[in-house]
Each structure stands twice: as C-alpha cells, then as structure tokens.
Q: 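Structure incoming, see below.
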Amino acid sequence: MTQEELSKRYHPAEFEQRWYHFWEDEGFFTPVVDREIPNFSIVIPPPNVTGRLHIGHALVNSLQDILVRWKRMSGFNTLWLPGTDHAGIATQMVVERELAKEGISRLELGRDEFVARVWSWKEDHKNQIKDQLVRMGVSCDWSRERFTLDDGLSRAVRHVFVRLYEEGLIYRDVAMVNWCPRCRTAISDIEVEYREVTGRLYHIDYPVTGSDVRLTVATTRPETMLGDTAVAVHPGDERYRHLIGQTVELPLAGRRIPIIGDSVLVDPEFGTGVVKVTPAHDRNDYESGIRNELPRLQVIDEAGRMTPEAGATFEGLDRTEARALVLERLENEGFLRATHDHIHAVGFCGKCDAVVEPMVSRQWFVRIAPLAEPAVELVRNGTITIVPQSWESTYFNWMENIHDWCISRQLWWGHRIPAFYCECGGVVVSEQEPASCPQCGSGTLVQDSDVLDTWFSSALWPFSTMGWPEQTEDFRVFYPTDTLITGFDILFFWVARMIMMGVRFTGKAPFSTVFLNGLVRDEHGQKMSKSKGNVIDPLDVIDEFGADAVRFTLAILATGRDIPLARNRMQGYSAFANKIWNASRFALMHIDVELRDASPIERDELEAVERWILSRLNRTTADVNRALASFRFDEAANTIYHFFWHELCDWYIEFAKPVLLARHGDAHDRRRAKRVLLEVLDRSLRLLHPFMPFITEEIWQKLKGAHPSVMVAPYPIEHEILDDPEAERMIAVIQQMITTIRNLRAERGFAPKDRFRLFLQIANDRERRFFENAGYLLIEQARLDEVVFNEPPPAGAHRDLIAGIELAVEFPHKEVSPEQGEKVRREIEQIGRELASVTGRLENDEFVRKAPPAVVDQARQRKVELIARLEKLQQNL
RNA sequence: AGGCUCUUAGCUCAGUUGGUUAGAGCGCCACCUUGACACGGUGGAGGUCAGCGGUUCGAGCCCGCUAGAGCCUACCA
C-alpha cells in the first residue's frame, strides 16, 4: 500500500506558491482560441500601476477568481484578461514626488524627459501588482496582460476620439469646469467629492453709488468679491427692485459694478436677498454672467493664487491668505457687517483632496446624452443585468441626468489628445499626426498639449484589450465578455462609460452581467484608513493565515454593500483550512488511492450512512452551483463550509471510523468505506477548489486523479441518482438520538467512559432491521453498552420519543437532581405551549379552510407527534 | 432637497416565493487530550426580529407611519 501522507501541520506558505507556478507553467490559465466551443471571458478591473494592492483589490480579485475557476472547471474555455491602468494623475503625482526628492520639478525636466521617467518608473514597478495577484492565486492569463498605454490600446483611444469628434460627440469649448489647483488640471464632475463642512457666512456691505444706502450680500468666499462684476437682486423683490440699473461701489477694489435683476440666481427668501456675482469663480454666477452679459474677471489662477486682476494688495497671495486679508480689510473699513457659522458642501479633489476651484477654461468635452440613451436601454431591456439589482435605479438616475464629460487634463502622463493646431487657426483631429495643415498647407502643426482623462481609456478596456479596432481572433472569440466584477464606487466612473462606449463602438454590450461588490470596512463598519490604523494589508494576512483563508473569508462576506472584515474571521477560516487538512490527512491514512481505478461503486452495495453522505454531498453540490450561478458567493462558501465541517467531519468520518479501523464489519465493508471516503473527499476538494485553490491542489495531488490538476478537473454537478431521502431521514433520526443521549449524559454529569443500555421500541420491521444494522453507530457515537430492541425498559430509565420511535436510556443508580427535574419540566412546558398553538390553529376553521392542505396536514401530524412525545416525557417526572 | 439602503443573539451578519420550534461565524459558560485536528470534540446559555399600526387563517418577510444609521446625486449665495 503506497500512501503519500500530508505533513502533520497545515503550513500554507510551504506549498501555495509552488502550485501557482505549476499552474502557470502548465499553461492552465491560457484558453484556446476557438469560437465553436463554449467560452467564458472576463476582464480585470485594471489596478493603477502606481499601486500596492489593498484589501479591496483582494476582494474583487478573489471573487473573479472564484467565478473563473468555477466556470473553467465547469467546462468553459475561460479567459481572464489581466492588466493595469496608467492612472494619469496618480502616477504623475508619484513620479513628481520622486523627482522632488532629487530637487527637480517636472517643468525643469521638460515633457519628453518627464514622460520617459514615468515609463521607466512604471517598468520598475509593474511586477509589484502581478506579484501580489499571484500571491492571491488568481488564474489570469498573463500572456494577454495589457496596459492602458500600450500601443494597441492607445490606437483604440485615438480611433474612438476621432470618430466621436467626427460625429460631433466630442467638442472643444470654453466652459466652467472643476479645477484642482494642486493637481493643476481640470477634473470631471464626478471626480469632485462634496463634503459638508462648517464654514462661515460673511455679510458684506456694498454702498450704492451716490447714496447712503448699502446693500448687504452674503458669501462664504469673501476673497472672490475682488472678482465681482455685478450685484444681483430678484426683479420682483419690492425691497430692491428700484435699485436695478444703479451701481454699487465694490469695497477694497474700488470698482463700480451694476445692480442687476436675476430671477434665476436670486432667491429673495434666502439671506439678505442680495447676491454678489463673480462670473469667473462660481458656477451659478457664471451662468448669470452669460445671461446678463457681464464681464468675467479672473482673480484666482491655476495654482490657487490671486492674479494681478485682484489688485496689487492681493496679487500672489494664496486663496486662503487672500480670504484672511480681505476680511481684515473689510473689517477695518467698516464693510463687514456680520459673520456667522454656516454648514455647506465644499468640493474636494477626489485625487489629492485639495478644495476644488470652479474655473473658466477651454477644454474638451464628450456630449454624453446621445451615448447614455442606448446604455440605459441595455440595462432596461435586460441585455445587461446589474447584481444586486438595487443598483439599477442608481444607474438610471445618474444616466438620465448626466452632464457632458470634461475629458481633457492638463497633465503630461496619459493619452495625448489627437488634435493638431496650425498657426492659421486650423484644427485637425486625426489618429496620425498630419503632415501639413489642410487649410493653409503649413507643415508646422502643434499637437494639443493636454492628455485624456484616464477613464476615457478605461471605458474601452473590454475591447481595446482584445485588439479592437482590429477584428482579431481574440476579439471575435472573447468579446463581449460575460461578467464584470467591480466595486460599486466606480459604477459611474467606469461601468457606465464602458457600457456607453461598448455599445457605440462594437454594437454590443461589453458584458452581460455586472456584479457590484461592496466596500471592505473594518470589523465595526468603519472605512479603512491609514490615519485610523485599521488597514488590513492583504499580504500581511496572507502571510498570517494563508491565501486560501483570506479568499474564503472575503467570499463569505461578499454580500451587502459594506463588508466588515475582521482578522478573527480570517483566523476562523484558517481553522477551517486546518480542518480540511486534518480530515484529508486522516482520509489519506486510511484509503487506498489505487481504489480509484476499481470498478464504480455499486449503489446497492452501500450502507445507509454511505448513501446518506453521498446524498448530502449531492445536495451540497446542487446548492453550491446554484449559489454561484446567482453570484451568492457567501451562500456557496457557507454551504461547503457547513457540509465539510459539520456533516463530513463531525458525522461521516466518525461514523466511518469503526469500519475503517476494523472495529466493525469485514474486509469487504472496509474496502467499500474507503472507496466512499475517497469519492467524497475527491468531490469535496473539487467543490472547494475555486474558493481555496492552494490547499485543495496540495491534497488533491495525493489522490492521484486522472487529471493533472484539480483546477482542470470537472466541477461536480448534481446527480439525481445520488439523492437518497430515505437514508437522509434515517440518519437524521440516528443523529437526533445520539444528540439526545449525549445531552442527557452531560446533564446528568456522567463521564464519557460511562456506558448505558438503550432500549428502542420499533414496531415497523423495516425500521427495526435498519436499526439492528446501524445500531453500532449509536453504540459508538452515544457510547452505549448495547441497543436492546422491543423489550420493556427498566423502571427509572429516561424515556423519549424521536420520529415515532420510543427510546429509553437506562442510567445506573443516579438520582435525578432538582435541576434535571426542572429541565424536564421546562421541556414539557415548552412542548405544551407548542401543542396549544398547533391545536389552536387546527381548531380555527379559517386556517383549515384557507391554508394549503400540505400546511394543514403538517400541523395535524405535528400535533400527533407532540402529544406522543409529551406523554413519554411525562413518564420521566 | 431628491433617490437608494439598512435596523435580527454580546459583536459582525444570513434568513430564498409570508407557513411548524428564527440560523451562522466569532465571543461566552461547563466538561473532555477519545488512534485527523485543542486552529479540536461534546453539551449549554443568549433573540418581545428598532417602535407603532394595517393586510392575512398565519408576518422577521407584504403595506403605512415614527425613531435612528449609512450611502449616492444636487450650483442654493
């Protein structure tokens, strides 16, 4: 008998990476390219190249890998395409910081040199991401790894830009955009994070020209008054309407500006009913400026400093410094009338957290409504399903109120906008740099210096990664992809835009299902952050608990929008891995792997416990497949967990021990038990593999299966023939009896070595034969002397009724303590209450008439059982 | 302001189309080193399912209201 044994203890670090390299070397991650076979494809949400992966990446990639491994084992030719995102602002900032350490600014370096530095930085760091994903065990096809700035993807970006431009869906215009003074670039609306802050509301007097009247305006941003070009009141406001057309003297600036009427801008009910108008620095004022043909005076520049237009006193000051000085001056000169606390929403840059400045500038935009409409339709008509479905309304809500998308960024790292300008004023938008200006023939064209929003290239990811716009084999076979798994936080940034671009350019939805996972938080639901010190680093916990335990934990928590992750959860599932290890170790000590090749197990030869465990496993298999098909990773993981630990380990292995250890049965029984155990272990490992790829491979290899790896073995599916409700029912009765006896033993303070006689009254011959046959299970598990059939139990034996079978346990010479008596009385009371409830229901005509017959029958049956049991228990008093 | 979601055991959460006695993990208590496992085994304690009202023969689940929490969207000075 040749048996490979597992090492005594479970040490995941000893084998996890070994198996990853085995899988990769064997080429298991790479699918064949064949349109005629069932394919399944998925693209990774590309992490930023700058990054170290955080626990959120661990979650999203674990879930994808579970899905992908499940599909692959289920017979699909499966592609999981990996890659990274160039992450414009983030990456540029990281490299700028590196340069700063050397005392160099990017401006000194120059654009070409700087971009070269970013590329070399990227080359140095790109493996960091892959290494971390490898530690997680993800089964990506690394031969197809992509980067958003690769040549092919860049070509797709230029192609899309040019086509949208030609179709009039991309335009360049001067408009008010969100500007980050720290990143020194425009950002899109959704990159601004609004937070409520307690600021101040300042009331400032503006004297009306040639009169003693002063108009009081209220503002949270007094420094912008330097750029005021009007004061507005509501035209219907009796207090002020007579002043429209007059002017005020703008304090500090000493300019004279008009008083205008603007019913859109001014709510007469709010504050003083007078609004200062700063068209260059406020979104509403900008609109008002256009309506009323007001000049725009830019007093804050790209860096957030005051311009010469703000006046010599303020020029060069930072916005916050300028605010303090403006207030000081207003106070001194008697214009500051009042100040009070005021809670309002302030926009912060999503990347660097600086306060965003509304700024008028010339930018490129995508006219988004025509793209949004078909994208809404795809979700509405079910072509794309969003899971959980509650996100659909959020999606619709946003898509139906969508604003044009500002796509130009004043950065150097990214896809340069393919627009070329000539001195003559001609603009050429084309994929390749034109040789000469089509208008004047000049050969000196200058390319737009801006780059595109990073999300513009991400929006093309599902098809640009497959070679589009070329009609490559990969594109034909693997596009559209099947499922997208990502965090709900990038539903608008990424998912919605992929749908819009996908349907516009390929005519197809880029995926059929979107699974939005929650956000990982700490065990108390708090956001993880460095400052709170509650961050869980995936590599740390993989080192501590093993990748399998981390993956399993994430899968089991994956339901809901918040995922409260606690170390002790991972510890718990690492204990589960340890359990798997030890149960397998036990199995390997007793089974012959050669039995694999023997003839198939004949169902008729099986004992009830064997039919029971196969039936339970079959039900588990069905449940797991069903759960995975509906993205219930938690349910799938829980189901396997429960089966493996609480059915296989707690019961079946214990049931099998007497036979395996030759305490019961003969060699034939032993051989059969070994084969069943092998079968159950094999199927369980395959079932578990998507969740815990490493430990299952390590063990499965010892089983010498026909396949080279568990990851390419077929995933178990339900076989109706294995269902055995009769065995399940009878073993459940056995379990219940064992539990009852153990319970009594514990309550009466007997030691495990104390043994008793059990008396069973079984009228039904078939049942009696079953119990005669399976009596050893009761003897072993409930630690009995013997089971006696159909003989009157001695007086004083504890009586009970389980599934219609009377049982009595004979306890040797022990008084029933008052607590035990109390316990029996409590149980009797409880049953009495339930009996009353069932009886009440059955006496209710309406219940009997209206409830489904099955429910009524059930109640009747229950009533009979309760009466019988009550009778038995009363004998114990 | 609008929209979405949540409130179930000490903690973190499940609970499928309304149907007996509401589950899991961790934590807690007692006992046990029994030939895979103390990262273990056996047994146990612990819940008026946020509150109120309604629909129903029957509500943790459906409807309404109240209280509390969170998230997203939005230009209110």
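Side-chain atoms are counted along with the backbone in the values below, which use heavy atoms only and exclude waters and symmetry mates. All chains are named by letter (A, B, ...) in the order of the sequence lines, taking the proteins before the strands, and each is independently numbered beginning at 1.
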Q: Suppose you measure atom P in B:U56 against the same atom in B:U48; what distance do you get, rounded to whole Å?
A: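 Approximately 28 Å lies between the P atom of B:U56 and that of B:U48.
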Q: Looking at A:Lys657 and A:Glu654, is any side-chain nitrogen of the basic one under 4.0 Å from a carboxylate oxygen of the acidic one?
A: yes
Q: Just checking A:Val266: base, sugar-phosphate only, or nothing, at a heavy-atom cut-off of under 4.0 Å?
A: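 The residue A:Val266 makes base contact.
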Q: Between B:G35, B:A36, B:U42, which one does the side chain of A:Asn582 approach most closely?
A: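 Among the listed nucleotides, the one closest to the side chain of A:Asn582 is B:A36.
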Q: Does A:Asn743 put a side-chain nitrogen or oxygen below 4.0 Å from OP1 or OP2 of B:G44?
A: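 Answer is yes, contact under 4.0 Å.
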Q: In whole Å, what separates the P atom of B:A45 from that of B:G3?
A: 47 Å
Q: With a cut-off of less than 4.0 Å, is there a side-chain N or O of A:Arg585 near OP1 or OP2 of B:G35?
A: no
Q: Consider the side chain of A:Lys657, meaning its heavy atoms from C-beta on, and name the nucleotide among B:A36, B:G19, B:G41 that approaches it most closely.
A: B:A36
Q: Which whole-number value in Å describes the distance from A:Arg748 CZ to B:G44 P?
A: 14 Å
Q: Base, sugar-phosphate or nothing for A:Arg9? Non-hydrogen atoms, less than 4.0 Å.
A: base
Q: Can you tell me, in whole Å, how much space there is between the P of B:U5 and that of B:C62?
A: 11 Å
Q: Taking atom P of B:A74 as reference, at what distance in whole Å does atom CD1 of A:Ile402 sit?
A: 11 Å
Q: Suppose you measure atom C1' in B:G70 against the same atom in B:G64; what distance do you get, rounded to whole Å?
A: 23 Å
Q: Among side-chain atoms of A:Arg748 and A:His798, is any donor-acceptor pair under 3.5 angstrom?
A: yes
Q: Could you give the distance separating B:A22 and B:G44 at their P atoms, to the nearest angstrom?
A: 16 Å
Q: I need the CD-P distance between A:Gln571 and B:U12, as an integer number of Å.
A: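 Result: 18 Å.
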Q: For the C1' atoms, the ones on B:U16 and on B:G60, what distance do you get once it is rounded to whole angstrom?
A: 14 Å
Q: When all nucleic acid strands are considered with a 4.0 Å heavy-atom cut-off, which category describes A:Leu661: base, sugar-phosphate, or nothing?
A: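 Base, at least one base heavy atom under 4.0 Å.
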Q: What is the distance, rounded to the nearest whole Å, between atom CD of A:Glu654 and atom P of B:G41?
A: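 It works out to 9 Å between those atoms.
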Q: For B:C72 and B:G47, measure between their C1' atoms and round to the nearest Å.
A: 33 Å
Q: Using the C1' atom on both, measure B:U12 against B:A69 and round to a whole Å.
A: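 These two C1' atoms come out 16 Å apart once rounded.
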Q: Taking only the side-chain heavy atoms of A:Asn397 (C-beta and beyond), determine which of B:G3, B:U42, B:U20 contains the nearest atom.
A: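 Of the options given, the side chain of A:Asn397 lies nearest B:G3.
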Q: Does any donor-acceptor pair link the side chain of A:Lys579 with the base of B:C37 at a separation under 3.5 Å?
A: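 Under the 3.5 Å cut-off, the side chain and the base do form a donor-acceptor pair.
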Q: Checking the side chain of A:Arg745 only, and the main-chain atoms of A:Ala751 only, is there a donor and an acceptor separated by less than 3.5 Å?
A: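 Such a contact is found between A:Arg745 side chain and A:Ala751 backbone.
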Q: Judged by atom type as modelled, is there a donor-acceptor pair below 3.5 Å linking the side chain of A:Asn844 to the main-chain atoms of A:Gly840?
A: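 Checked: no pair found.
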Q: Backbone N or O of A:Pro268 within a donor-acceptor pair of the A:Arg239 side chain at under 3.5 Å?
A: yes
Q: Side chain of A:Tyr194 only, please: which of B:U73, B:A36, B:C75 is the nearest?
A: B:C75
Q: Can A:Arg9 and A:Glu14 be counted as an ion pair, charged N to O under 4.0 angstrom?
A: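 No.
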Q: Rounding to a whole Å, what distance do you find between A:Asp489:CG and B:U73:P?
A: 11 Å
Q: Applying the Watson-Crick and G-U wobble criteria at under 3.5 Å, what pairs with B:C6? Answer none if nothing qualifies.
A: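 Check on B:C6: paired to B:G68, both distances under 3.5 Å.
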Q: Sort out the partner of B:U73 for me: Watson-Crick or G-U wobble, both distances under 3.5 Å, none otherwise.
A: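 Check on B:U73: paired to B:A1, both distances under 3.5 Å.
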Q: Could you tell me which nucleotide pairs with B:C31 by Watson-Crick or G-U wobble geometry, both distances under 3.5 Å, or answer none if nothing does?
A: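 For B:C31, the partner nucleotide comes out as B:G41, under the 3.5 Å rule.
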Q: Figure out the CD1/C1' separation between A:Ile536 and B:U12, and round it to whole Å.
A: 13 Å
Q: Using a cut-off of 6.0 Å, state whether more than 12 heavy atoms not belonging to A:Arg567 lie near its atom CZ.
A: yes
Q: Name the nucleic acid region contacted by A:Asn401, choosing base, sugar-phosphate or nothing; use a 4.0 angstrom heavy-atom cut-off, strictly under.
A: nothing
Q: Classify the nucleic acid contact of A:Leu557 as base, sugar-phosphate or nothing, counting any heavy atom under 4.0 Å across all strands shown.
A: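 Here A:Leu557 touches no strand at all.
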Q: How close or far is atom C1' of B:U20 from atom NZ of A:Lys863, stated in whole angstroms?
A: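 Checked: the NZ to C1' distance equals 15 Å.
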Q: Could you walk me through whether A:Ser837 and A:Arg841 pass the side chain to side chain donor-acceptor pair (under 3.5 Å) check?
A: CA-CA 6 Å; A:Ser837 144; A:Arg841 224 174 311 147; 3.2 Å; yes
Q: Could you check whether A:Ile653 gets within reach of a base, just the sugar-phosphate, or nothing at all, counting any heavy atom under 4.0 Å?
A: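 It contacts base atoms.
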Q: Both A:Asn284 and A:Ile556 contact RNA chain B. Taking the nearest nucleotide for each, which residue is further toward the 5' end?
A: A:Ile556
Q: Of A:Asp267 and A:Ser574, whose closest RNA chain B nucleotide lies nearer the 5' terminus?
A: A:Ser574
Q: Could you tell me if A:Asp262 and A:Ser288 have a donor-acceptor pair between their side chains, going purely by distance under 3.5 Å?
A: yes
Q: What is the base-pairing partner of B:C62, counting Watson-Crick and G-U wobble geometry with both distances under 3.5 Å?
A: B:G54
Q: Please confirm whether the backbone N or O of A:Ala622 pairs with a side-chain atom of A:Asn625, one donor and one acceptor, at under 3.5 Å?
A: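 Answer holds: no.
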Q: Kindly indicate, with the supporting measurements, whether the criterion ring-ring contact (aromatic ring centres under 6.0 Å, His included) is fulfilled by A:Phe545 and A:Tyr573.
A: CA-CA 8 Å; A:Phe545 305 112; A:Tyr573 295 115; over 10 Å; no
Q: Enumerate all atom pairs, one protein N or O and one N or O from nucleotides 55-58 of chain B, separated by less than 3.5 Å.
A:
from, atom 1, to, atom 2, distance (Å)
B:C57, OP1, A:Lys850, NZ, 2.0
B:C57, O2', A:Asn844, ND2, 3.1

Q: Scan A:Thr272 against the nucleic acid and name what it touches under 4.0 Å (heavy atoms): base, sugar-phosphate only, or nothing.
A: nothing
Q: Expressed in angstrom and rounded to an integer, what is the separation of A:Gln858 atom CD from B:G18 atom C1'?
A: 14 Å
Q: Any base atoms under 4.0 Å from A:His11, or only sugar-phosphate, or nothing? Heavy atoms, all strands.
A: nothing
Q: Among residues at least two apart in sequence or on other chains, which ones pass side-chain hydrogen bond (donor to acceptor under 3.5 Å, both in side chains) with A:Asp634?
A: A:Thr559, A:Arg632
Q: Counting only Watson-Crick pairs (N1-N3 plus N6-O4 or O6-N4) and G-U wobbles (N1-O2, O6-N3), all under 3.5 Å, who is the partner of B:U12?
A: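 Pairing partner, where one exists within any strand: B:A24.
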Q: Could you check A:Tyr395 against A:Trp391 for ring-ring contact (aromatic ring centres under 6.0 Å, His included), going step by step and ending with a plain yes or no?
A: CA-CA 6 Å; A:Tyr395 173 83; A:Trp391 284 105; over 10 Å; no
Q: Which one, B:A14, B:U34, B:G35, comes nearest to the side chain of A:Arg663?
A: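 For A:Arg663, the side-chain atoms sit closest to B:G35.
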Q: Look for any protein N or O under 3.5 Å of an N or O in nucleotides 24-33 of chain B and output each such pair with its distance, or none.
A:
from, atom 1, to, atom 2, distance (Å)
B:G25, OP1, A:His646, NE2, 3.4
B:C26, O2', A:Asn568, ND2, 2.9

Q: As an exercise, state the distance from CD of A:Glu223 to OH of A:Tyr202, rounded to the nearest 0.5 Å.
A: 9.0 Å
Q: What does A:Lys753 touch in the nucleic acid at a heavy-atom separation under 4.0 angstrom: a base, only the sugar-phosphate, or nothing?
A: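 Result for A:Lys753 = nothing.
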Q: For A:Ala583, which contact category applies under a 4.0 Å heavy-atom criterion: base, sugar-phosphate, or nothing?
A: base
